[in-house]
**Student:** 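Questions regarding the structure given below will be posed in turn.
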Amino acid sequence: MIRPTLETERLRLRPFTTADADEVTRLADNEELSRYIPAIPYPYPKYAAAEWISTHQEKFDFGQEIVFAITDKTTRNIIGAIGLVLTPEHKRAEMGYWIGREYWGQRYATEAGQAVIRYAFKTLGLESVIAHHLAPNIASGRVMQKLGMKYEGCRRRFFLHRGEFFDAALYSIIKEEFQG
Ligand SMILES: CC(C)(COP(=O)(O)OP(=O)(O)OC[C@H]1O[C@@H](n2cnc3c(N)ncnc32)[C@H](O)[C@@H]1OP(=O)(O)O)[C@@H](O)C(=O)NCCC(=O)NCCS
């Protein structure tokens, strides 16, 4: 199945291809980027990006996960990644994202998140989208708030990351709350 591409004012969210692996490696291999994101080890292993990208088509075809490269519409540079892990039986998805360190603070995560939540509700017909962030990751919590997500509570010692347990904040948005 053909994976979707979404457009926003500044961004094109498109499928990753194997040609993106080197740039993903460069962006992901960053201590600050991976500090609060358990899915990204640091240092980032050399072949991890290619392996990760190689799983995307199958996960999409099986309705398990949709991953988008966040790219600049004009320069075509890769800025980050955003995705939905699907739980179809409950019409729910969990959203995750990262933005390359050099692109932080330009509202890219918020812009990409809006497009992905719209896609989740309008195209996939989901009922809810949830997201977690490690408790100290204030910037990610701010993104969730700006996306209109509601804080549901704290999941205690929910993630083990770099040998340390972190509480996780859980946010969600349900379809009636989505505006736009
Ligand atoms: C979290 C992350 C995605 C944010 O990306 P971004 O494109 O910079 O986000 P935005 O610019 O859309 O919004 C960030 C918001 O957080 C705020 N912020 C940033 N650092 C902050 C801090 N230390 N304390 C309080 N607010 C902070 C910004 O001011 C902005 O809010 P504002 O628009 O109201 O001013 C990015 O920092 C990142 O990729 N981090 C590493 C990976 C990660 O943590 N992913 C999320 C896992 S849950």
Side-chain angles (χ1 to χ4, degrees), residues 6-14 16 20 23-45 48-49 52-53 56 65-87 92-120 128-173 178-180:
L6 311 178
E7 301 257 336
T8 69
E9 195 187 328
R10 295 177 296 170
L11 305 172
R12 178 170 294 120
L13 310 189
R14 58 148 177 90
F16 277 106
D20 299 323
E23 182 60 358
V24 169
T25 304
R26 187 185 74 78
L27 293 170
D29 190 27
N30 179 287
E31 193 281 325
E32 276 187 277
L33 181 122
S34 61
R35 191 173 294 166
Y36 299 131
I37 182 158
I40 301 186
Y42 181 78
Y44 191 72
W52 177 62
I53 291 168
H56 292 178
E65 195 171 332
I66 305 172
V67 184
F68 297 95
I70 302 171
T71 68
D72 184 309
K73 239 171 156 170
T74 312
T75 65
R76 298 181 181 221
N77 288 339
I78 297 174
I79 290 172
I82 187 162
L84 295 170
V85 176
L86 302 166
T87 307
R92 183 177 73 225
E94 174 161 359
M95 184 171 66
Y97 45 75
W98 57 263
I99 299 290
R101 179 66 188 91
E102 68 225 59
Y103 300 110
W104 288 8
Q106 298 177 58
R107 304 204 162 81
Y108 286 133
T110 306
E111 191 167 324
Q114 269 160 354
V116 167
I117 292 176
R118 182 178 308 114
Y119 173 78
S128 67
V129 176
I130 68 165
H132 289 98
H133 71 79
L134 269 55
N137 195 355
I138 309 289
S140 186
R142 184 78 196 112
V143 169
M144 292 172 198
Q145 289 157 15
K146 289 194 293 176
L147 290 172
M149 303 183 87
K150 291 198 171 142
Y151 177 69
E152 289 203 23
C154 169
R155 310 188 80 167
R156 297 183 301 158
R157 297 193 192 168
F158 198 66
F159 290 108
L160 175 59
H161 180 46
R162 298 185 181 178
E164 190 184 341
F165 282 101
F166 287 88
D167 291 348
L170 170 64
Y171 279 79
S172 70
I173 181 167
F178 176 67
Q179 329 220 312

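Atoms within each ligand, like the ligands themselves, are counted from 1 in listed order.
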**Student:** Under the salt bridge (Lys or Arg N to Asp or Glu O under 4.0 Å) test, which residues partner E32, sequence neighbours left out?
**Tutor:** R101
**Student:** What pairs with T87 under side-chain hydrogen bond (donor to acceptor under 3.5 Å, both in side chains), at least two apart in sequence or on another chain?
**Tutor:** none
**Student:** For R155, what residues pass the salt bridge (Lys or Arg N to Asp or Glu O under 4.0 Å) criterion, not counting sequence neighbours?
**Tutor:**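 Expected list: none.
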**Student:** Let me know which protein residues bring a heavy atom to under 4.0 Å of ligand 1; chain then number is fine for ordering.
**Tutor:**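 Lining ligand 1: L33, I37, Y97, W98, I99, W104, G105, Q106, R107, Y108, A109, T110, H132, H133, N137, I138, A139, S140, R142, V143, K146.
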**Student:** Please check if atom CZ in R162 has more than 12 non-hydrogen atoms from other residues, nucleotides or ligands closer than 6.0 Å.
**Tutor:** yes
**Student:** Could you go step by step and tell me if Y171 and Q145 meet the side chain to side chain donor-acceptor pair (under 3.5 Å) rule?
**Tutor:** CA-CA 8 Å; Y171 279 79; Q145 289 157 15; 2.9 Å; yes
**Student:** Using a 4.5 Å cut-off on heavy atoms from C-beta on, say whether the side chain of I117 contacts that of L147.
**Tutor:** yes
